[in-house]
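Heavy atoms only: backbone and side chains are in, while hydrogens, waters and symmetry mates are out. Chain naming here is simple, since letters A, B, ... match the order of the sequence lines and numbering starts at 1 in each.
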Number of protein chains: 2
Amino acid sequence: MNAIEILKQHNIKKTPARLSMINAMKGCTSPMSENEMKTQMGELYDRITFYRNVQSLSEVGIIHKIVADNTTVKYALNSCEHGHNHTAEHAHFFCKTCRAVICMNQIKIQSYQLPEGFQFSDCDVIIKGLCKKCNVMPELQLEPQL
Amino acid sequence: MNAIEILKQHNIKKTPARLSMINAMKGCTSPMSENEMKTQMGELYDRITFYRNVQSLSEVGIIHKIVADNTTVKYALNSCEHGHNHTAEHAHFFCKTCRAVICMNQIKIQSYQLPEGFQFSDCDVIIKGLCKKCNVMPELQLEPQL
DNA sequence: AGTACATTTGCAACATTGTTACATTTGCAA
DNA sequence: TTGCAAATGTAACAATGTTGCAAATGTACT
């Protein structure tokens with residue numbers, strides 16, 4: 001499904017900034033930082049508009065925001081070509097060295113039993129450590145993608 | 001165990017700022033924001049020193065930093081009077097309304113099987129929703145503690 | 001107690017990230 | 001084509017986090 005269809009399907013206006021955001025994410029296999037998005041979006045990137053669209057696209061469920069760390073936020077399409085869904089039902093891995101965020105599709109998020117009176121909304125699981133590249137071959141470490 | 005003993009036990013220098021931080025956290029049942037800490041610490045609070053001590057106290061394992069949200073970071077003593085340990089082995093609840101972070105001591109963090117080559121370090125589980133107060137009696141909502 | 005030295009502190013300056021107000025433009029439906 | 005709500009972009013601001021450096025302080029050793 002292309003960007004235009006995605007917006008239409010969610011009943012949200014088609015604007016160049018939104019199309020650009022969605023297309024940037026479509027071209028990437030793992031969650032992207034604001035800076036990576038900015039690079040992809042080029043002229044169509046405006047910081048304030050970006051933040052507002054992160055808000056609106058999240059609200060309708062088109063994208064998902066992943067907070068790996070208080071200084072590391074990444075974004076991903078909810079239905080990307082890999083057929084998986086980012087809406088919080090799988091865990092994310094965060095590499096402490098290269099700061100990459102990787103979807104752990106095979107690690108499902110369990111349902112937690114909250115105390116009486118609490119209302120569940122959603123759950124984030126962030127597993128931290130070293131990714132394959134940084135662990136096995138530290139000399140080939142990727143530059144952090146900030 | 002008092003603040004002085006805690007520092008000594010971890011082989012880290014005893015300074016007024018650190019004692020003040022530890023004592024601030026000792027007096028609180030749930031993880032505190034920087035602002036709450038600041039209030040408790042009074043004169044002894046300095047922003048830069050605070051950030052540096054968050055770093056050093058975390059490194060040796062005296063405190064634990066909980067990132068509920070990219071704009072909500074809280075801090076807790078690893079061994080508080082409740083006898084529980086904050087070093088990432090239990091989940092935390094984050095109330096979307098009052099922004100409180102509550103330790104879910106009864107919800108243990110499972111051990112996750114990472115793909116070949118990955119090295120595990122630690123894991124954060126943040127469960128979001130409405131806390132008891134905000135869910136049951138929205139009219140009595142606590143002011144957000146920022 | 002006094003000294004030596006590494007650690008810690010606090011200031012200044014800066015970088016990054018996130019938010020609000022408001023006037024203008026744009027998307028879309030009638 | 002027109003009307004209007006929604007979205008955009010500028011400016012201004014607020015909050016959060018970091019670095020360099022000189023001065024102060026904690027602690028181990030005599």
Side-chain angles (χ1 to χ4, degrees), chain A residues 2-22 24 31-39 41-60 62-63 65-75 96 99 101 144-146, chain B residues 2-22 24 31-39 41-60 62-63 65-75 96 99 101 144-146:
Chain A
N2 67 35
I4 294 179
E5 291 171 323
I6 292 175
L7 290 173
K8 199 161 275 176
Q9 197 184 48
H10 288 86
N11 240 331
I12 177 175
K13 285 187 180 171
K14 174 191 73 175
T15 71
R18 287 175 180 169
L19 292 173
S20 173
M21 283 178 71
I22 294 174
M32 299 168 80
S33 68
E34 180 178 346
N35 264 305
E36 293 172 282
M37 298 278 292
K38 177 180 176 176
T39 303
M41 294 172 68
E43 293 279 307
L44 289 172
Y45 170 85
D46 171 80
R47 209 157 61 86
I48 288 85
T49 302
F50 179 82
Y51 283 116
R52 283 192 283 224
N53 281 330
V54 162
Q55 174 69 26
S56 54
L57 297 179
S58 297
E59 267 172 5
V60 299
I62 294 176
I63 67 170
K65 176 172 142 188
I66 302 152
V67 178
D69 193 64
N70 54 320
T71 57
T72 311
V73 180
K74 305 246 177 170
Y75 307 93
K96 288 184 169 186
R99 302 172 78 84
V101 169
Q145 297 293 318
L146 305 176
Chain B
N2 68 34
I4 294 179
E5 292 171 321
I6 293 174
L7 289 173
K8 200 160 273 177
Q9 197 184 47
H10 288 85
N11 241 330
I12 177 175
K13 285 186 177 170
K14 174 192 72 176
T15 70
R18 287 175 181 169
L19 292 173
S20 173
M21 283 178 72
I22 295 175
M32 300 168 79
S33 67
E34 180 178 345
N35 264 305
E36 293 172 282
M37 298 278 292
K38 177 179 177 176
T39 303
M41 295 173 65
E43 294 277 308
L44 290 171
Y45 170 85
D46 170 81
R47 210 156 61 86
I48 289 88
T49 301
F50 179 82
Y51 283 116
R52 283 193 283 225
N53 280 331
V54 162
Q55 175 68 26
S56 54
L57 296 179
S58 296
E59 268 171 6
V60 298
I62 294 176
I63 67 170
K65 177 171 141 186
I66 302 152
V67 178
D69 191 66
N70 54 320
T71 57
T72 312
V73 180
K74 305 246 176 169
Y75 307 94
K96 288 184 169 187
R99 302 173 78 83
V101 168
Q145 298 291 318
L146 304 178

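Listed by residue number, B/D46, B/I48, B/T49, B/R52, B/N53 are the residues of residues 41-53 of chain B with a heavy-atom contact under 4.0 Å to DNA chain C.
Shown here is B/K96, whose NZ atom has more than 12 heavy atoms of other residues, nucleotides or ligands within 6.0 Å. Residue-environment remark: CD (B/E43) stays at or below the threshold of 12 foreign heavy atoms within 6.0 Å.
In summary, contact between chain A and DNA chain D, defined as any nucleotide atom under 4.0 Å from a heavy atom of the protein, begins and ends at D/dA5 to D/dG17 in the 5' to 3' direction.
One atom, CD of A/E34, and another, P of C/dG18, lie 7 Å apart when rounded to the nearest Å. Atom NZ of A/K38 is separated from atom C1' of C/dG18 by 15 Å (rounded to the nearest Å). The CD1-C1' distance, from A/I12 to C/dT26, rounds to 15 Å in whole Å.
Note that the CD atom of A/E34 and the CE atom of A/M41 stand 9.5 Å from one another [nearest 0.5 Å]. Here the NZ atom belonging to A/K74 is positioned 10.5 Å from the CG atom belonging to A/D69, to the nearest 0.5 angstrom. Considering CE of A/M21 and OG1 of A/T15, their distance stands at 9.0 Å, rounded to 0.5 Å.
Listed pair B/N70 / C/dT17 fails the phosphate criterion, with no side-chain N or O lying under 4.0 Å from OP1 or OP2.
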Open item on the list: Between B/I12 and B/I62, is the side chain to side chain contact (heavy atoms under 4.5 Å, CB included) condition met? List the steps.
Closed with: CA-CA 10 Å; B/I12 177 175; B/I62 294 176; 4.0 Å; yes

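Using a 3.5 Å distance cut-off with no hydrogens or angles, the side chains of A/T39 and A/E36 do not pair a donor with an acceptor.
Closest heavy-atom contact between B/V67 and A/N70: CG1-N, 3.7 Å.
In this structure, A/L7 and A/L19 have side chains that are in contact, with non-hydrogen atoms separated by less than 4.5 Å.
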TODO: Starting at the 5' end of DNA chain C, write a dot or bracket for each base, bracketing those in Watson-Crick or G-U wobble pairs whose two distances are under 3.5 Å and using | for partners on another strand.
DONE: ||||||||||||||||||||||||||||||

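Judged by closest nucleotide on DNA chain D, B/T71 is the one of B/N11 and B/T71 placed further toward the 5' end. Of the two residues near DNA chain C, A/K65 and B/R18, the one whose nearest nucleotide lies more 5' is B/R18.
If you check C/dG18, C/dA6, C/dT9 against the side chain of B/K13, the one that comes closest is C/dA6.
Taking the six-membered ring where tryptophan is involved, the planes of B/Y75 and B/F50 are perpendicular, since the angle between them exceeds 60° and thus also 30°.
Between the side chain of A/R18 and the backbone N or O of A/N53 there is no donor-acceptor pair closer than 3.5 Å.
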